Amino acid sequence: MARLDEPVDIGGVTVPNRLYRAPLLECAGNGPDAVDTLIDELEPTAASGVGLVFQGASIVTADGGCAAPNMTRVHDPAFVSRLERLTGAVHDHGGRIFLQLAQGGLRSMAVWHAGYRSEHPQLEQLAVSRPPWPLRVLDRAGLIDLSPHVLDTSEVYELAAQFGRVAGSAADAGYDGIHLSGANMSLLQQFCSPFFNRRDDEFGPDPGEPAAGGRRFLEAIHDAVREHADDVALVTKVPAETAAPAFVRRHLSFDDAVGLASDLVAAGYDAVVPVAVSTFWDMSIVRGAYPERAWSAADLRGEYAAAFGGPLRARVVALLNRLQARRFDREPGWNADLCRAVRERVDVPVLCEGGIRERATCDRLLGAADRPPAADLVGMGRPFYAEPRLGARLLAGADALCASCNNCTVPQVAGEPGRCRTPAVVRERARLADRGAYDRPGDATDESGPSGD
């Protein structure tokens with residue numbers, strides 16, 4: 001039974017403890033203040049004692065692929081080299097930082113964001129195959145806008161090589177590892193999913209192995225990363241599409257995900273993050289309460305209307321969000337069973353995230369008297385929006401304040417940064433900060449506690 005404060009190795013990287021910040025949207029973009037924004041967002045996490053920080057999904061291509069406004073692109077080595085200030089800041093606190101690499105494919109903003117689409121009318125979305133019929137129906141109804149570019153075989157290999165080149169730039173900038181965004185309806189999940197992948201080349205599914213095409217693509221990325229970044233630690237999310245709607249008959253099962261994770265470890269991945277998701281970008285990603293405060297915010301209604309194509313459509317999306325929240329209420333550690341099944345099959349660290357808020361849940365996932373461990377590291381995401389220096393309290397035995405209300409997430413479709421918008425949580429964070437609850441032992445002179453919202 002491991003303890004949260006014990007070190008753990010991922011590939012050749014020693015992480016000082018088993019607590020990590022899961023990838024989130026930092027909304028930093030690529031402007032002149034991008035690096036400062038990332039430092040402001042991520043350094044407090046490392047300063048609070050969190051062993052491993054994942055910088056959120058960063059896009060490997062020069063065009064398209066962003067799933068939300070103000071995502072950061074990392075295709076340009078000159079920009080990535082500037083991120084050495086960020087990695088240095090994390091290392092100064094004894095932490096480790098991995099860069100999550102992504103490409104949105106059919107989840108990209110050009111599909112769903114009306115304002116962005118009108119500004120980029122010629123932009124295509126990278127696609128694994130012809131989009132599945134539910135998306136085509138929504139396209140014909142005018143609710144989304146599909147302009148797919150189905151990748152040919154040579155383009156798939158080139159995209160894998162691009163992941164490798166970016167990984168090389170990241171390693172040169174001081175990143176300790178690479179994390180692939182293999183779930184949450186990213187292009188990587190689309191390659192793995194039989195719902196999206198109907199290819200007939202080597203990157204298509206095999207009889208009895210629906211994820212075979214995705215596995216081969218992830219193997220090609222692995223080889224490209226090793227070519228450009230040598231022994232940098234390499235991690236990927238592994239999706240089980242068990243939250244898919246009933247009408248989706250072709251999707252990745254629990255057993256498919258376990259098999260895929262095992263195959264990727266055999267191919268050389270240093271750790272895996274198994275997650276139960278849907279085939280769509282829905283509440284299965286975050287789970288929790290309907291974000292009433294966020295949807296009713298008067299200052300954001302115009303932005304929502306611009307994003308979704310008018311006030312009526314914004315209200316329809318809000319209604320769907322409300323219905324989804326009833327289906328996907330928060331279950332602490334909802335990926336635990338999948339992680340445990342994967343951990344029994346592999347000999348590398350398994351990372352578990354999803355609805356974890358309590359220190360007791362962290363300890364239970366790392367090992368309990370009545371059950372085998374589910375994971376070797378445990379992570380939280382949204383709680384760090386509420387408490388940037390949360391690590392100090394968690395490692396001291398306390399629980400996160402996050403109420404899983406999701407008021408931090410919906411405004412991001414309007415380009416707003418991720419921050420807690422729940423007054424009771426914000427007030428309690430301020431009270432704890434005044435009491436010094438976010439100070440680590442020996443940090444009495446550190447005045448960089450969290451600011452009020």
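Quick caveat, the model's predicted, so the values are computed rather than measured.
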Checklist entry - What closest approach, in Å, do V166 and H75 show between heavy atoms, and which atom pair accounts for it? => result CG2-CA, 4.2 Å

Checklist entry - Out of curiosity, D145 CG to M109 CE, how far, rounded to the nearest 0.5 Å? => result 13.0 Å

Checklist entry - What's the verdict on side chain to side chain contact (heavy atoms under 4.5 Å, CB included) for L25 and M71, showing C-alpha distance, side-chain angles and the deciding distance? => result CA-CA 7 Å; L25 290 176; M71 293 181 71; 3.9 Å; yes

Checklist entry - Any sub-3.5 Å donor-acceptor pair from R96's side-chain atoms to V53's backbone N or O? => result no

Checklist entry - In this structure, which one of V156, V150, L187, L106 forms a side chain to side chain contact (heavy atoms under 4.5 Å, CB included) with V128? => result L187

Checklist entry - In terms of ring plane angle, is the pair H222 and Y269 parallel, tilted or perpendicular, where the classes change at 30° and 60°? => result tilted

Next on the checklist: Can you see whether S147 engages E124 through a side-chain donor-acceptor pair at a distance of less than 3.5 angstrom?
Outcome noted: no

Checklist entry - So how far is it from C339 SG to L365 CG, rounded to the nearest 0.5 Å? => result 8.0 Å

Checklist entry - Salt-bridged, R226 to D270, with N to O below 4.0 Å? => result yes

Next on the checklist: Does F98 form a side chain to side chain contact (heavy atoms under 4.5 Å, CB included) with V232? I'd like the steps, not just the answer.
Outcome noted: CA-CA 10 Å; F98 287 23; V232 67; over 6 Å; no

Checklist entry - Got V273 and E353 here, is their nearest side-chain heavy-atom distance under 4.5 Å? => result yes

Next on the checklist: Test your reading of the model: is there a side-chain donor-acceptor pair from E416 to the backbone of P411, 3.5 Å cut-off?
Outcome noted: no

Checklist entry - Under 6.0 Å between the ring centres of Y157 and F203? => result yes

Checklist entry - Quick check: are there more than 12 heavy atoms from other residues, nucleotides or ligands sitting under 6.0 Å from CZ of R136? => result yes

Checklist entry - Charged N to carboxylate O under 4.0 angstrom, R216 versus D206? => result yes

Next on the checklist: For the OG1 atom of T236 and the CD atom of Q189, what is their distance to the nearest 0.5 Å?
Outcome noted: 11.0 Å

Checklist entry - What do the steps show when you test F54 against I97 for side chain to side chain contact (heavy atoms under 4.5 Å, CB included), and what is the final call? => result CA-CA 6 Å; F54 286 121; I97 180 169; over 6 Å; no

Next on the checklist: If the condition is side chain to side chain contact (heavy atoms under 4.5 Å, CB included), which residues does A161 pass it with, not counting sequence neighbours?
Outcome noted: E158, R165

Next on the checklist: Looking at R21 and E41, is there a salt bridge between them, counting it only when a charged N and a carboxylate O are closer than 4.0 Å?
Outcome noted: yes

Next on the checklist: Working note: D9 + T14, criterion side-chain hydrogen bond (donor to acceptor under 3.5 Å, both in side chains); need CA distance, chi angles, decisive distance, verdict.
Outcome noted: CA-CA 4 Å; D9 290 338; T14 298; 2.7 Å; yes

Item to check | E387 and R382 ion-paired at < 4.0 Å | outcome: no

Checklist entry - For the atom pair SG (C408) and OH (Y385), what is the distance rounded to the nearest 0.5 Å? => result 6.5 Å

Next on the checklist: With a 4.5 Å cut-off on side-chain heavy atoms, are D376 and L366 touching?
Outcome noted: no

Checklist entry - Between W133 and F247, what is the ring plane arrangement, given parallel below 30°, perpendicular above 60°, and tilted in between? => result tilted

Checklist entry - Can a donor-acceptor pair be found between the side chains of W281 and N184 at a distance below 3.5 Å? => result no

Next on the checklist: In the structure I gave you, are the side-chain heavy atoms of P383 and L390 within less than 4.5 Å of one another anywhere?
Outcome noted: yes

Checklist entry - Using a distance-only test with no angle check, is there a side-chain donor-acceptor pair under 3.5 angstrom linking S284 and D282? => result yes

Checklist outcome for this item: Note: I10 and L52 closest approach over all heavy atoms is CD1-CD2, 4.0 Å

Checklist entry - Between K237 and H179, is any pair of side-chain heavy atoms under 4.5 Å apart? => result yes

Checklist entry - Do R293 and T422 have a side chain donor and acceptor closer than 3.5 Å? => result no

Item to check | T61 and L159, any side-chain heavy atoms less than 4.5 Å apart | outcome: yes

Checklist entry - Can you tell me if Q324 uses its side chain to pair, donor with acceptor, with the backbone of M283 under 3.5 Å? => result yes

Checklist entry - Okay, side chain of N17, backbone of G51: is any donor-acceptor separation there less than 3.5 Å? => result yes

Next on the checklist: If you compare all heavy atoms of V74 against all heavy atoms of V80, which two are closest, and at what distance to 0.1 Å?
Outcome noted: O-CG2, 3.5 Å

Checklist entry - Hey, do the aromatic rings of Y290 and F328 have their centres closer than 6.0 Å? => result no

Checklist entry - What is the minimum heavy-atom distance between Y116 and A110, and which atoms define it? => result CD2-N, 3.7 Å

Checklist entry - Considering residues, nucleotides and ligands other than D363, do more than 12 of their heavy atoms fall under 6.0 Å from its CG? => result yes

Checklist entry - So, N406 and R287: side-chain donor and acceptor under 3.5 Å apart, yes or no? => result no

Checklist entry - Quick one: are Q190 and M185 in side-chain contact, heavy atoms under 4.5 Å? => result yes

Next on the checklist: Evaluate E43 against L86 for side chain to side chain contact (heavy atoms under 4.5 Å, CB included), listing each step before the verdict.
Outcome noted: CA-CA 8 Å; E43 184 181 13; L86 168 63; 5.9 Å; no

Checklist entry - Within a reach of under 6.0 Å around CG of D200, are more than 12 heavy atoms found that belong to other residues, nucleotides or ligands? => result no

Checklist entry - Do F384 and V50 have side chains that get closer than 4.5 Å, going by heavy atoms? => result yes

Next on the checklist: Taking the basic N atoms (NZ, or NE/NH1/NH2) and the acidic carboxylate oxygens, is any pair closer than 4.0 Å for R85 and D36?
Outcome noted: yes

Next on the checklist: Does the plane of the ring in W295 sit parallel, tilted or perpendicular to the ring in Y304? Use 30° and 60° as the thresholds.
Outcome noted: tilted

Item to check | Pair S253-D255, side-chain hydrogen bond (donor to acceptor under 3.5 Å, both in side chains): steps then yes or no | outcome: CA-CA 5 Å; S253 69; D255 290 340; 5.3 Å; no

Checklist entry - Does a donor on one side chain and an acceptor on the other come within less than 3.5 Å for D176 and H91? => result yes

Checklist entry - Nearest heavy-atom pair of L123 and G64: which atoms, and what distance? => result CD2-CA, 3.9 Å

Checklist entry - Nearest 0.5 Å, what's the SG-CZ distance between C352 and R343? => result 11.5 Å

Next on the checklist: Please check this pair: side chain of S296 against backbone of E292, looking for a donor-acceptor N/O pair closer than 3.5 Å.
Outcome noted: yes

Next on the checklist: Salt bridge or not between D337 and R340? Use side-chain N to carboxylate O under 4.0 Å.
Outcome noted: yes

Checklist entry - Can you name the residues that form a side chain to side chain contact (heavy atoms under 4.5 Å, CB included) with R326, not counting sequence neighbours? => result R322, L323

Checklist entry - Between S108 (side chain) and Q125 (backbone), is there a donor-acceptor pair under 3.5 Å? => result no

Checklist entry - Taking C-beta and beyond as the side chain, do V15 and Y20 meet within less than 4.5 Å on heavy atoms? => result no

Checklist outcome for this item: When rounded to the nearest 0.5 Å, the distance separating CG of D263 from CD of E219 is 7.5 Å

Item to check | Side-chain H-bond candidate by donor/acceptor type, N30 with T72, under 3.5 Å | outcome: no

Item to check | Carboxylate-amine/guanidinium contact R364 E358, below 4.0 Å | outcome: no

Checklist entry - Going by distance alone, is a donor N or O of one side chain under 3.5 Å from an acceptor N or O of the other, for S193 and E241? => result yes

Checklist entry - Which atoms form the tightest heavy-atom contact between A271 and V348, and what is the distance? => result CA-CG2, 3.8 Å

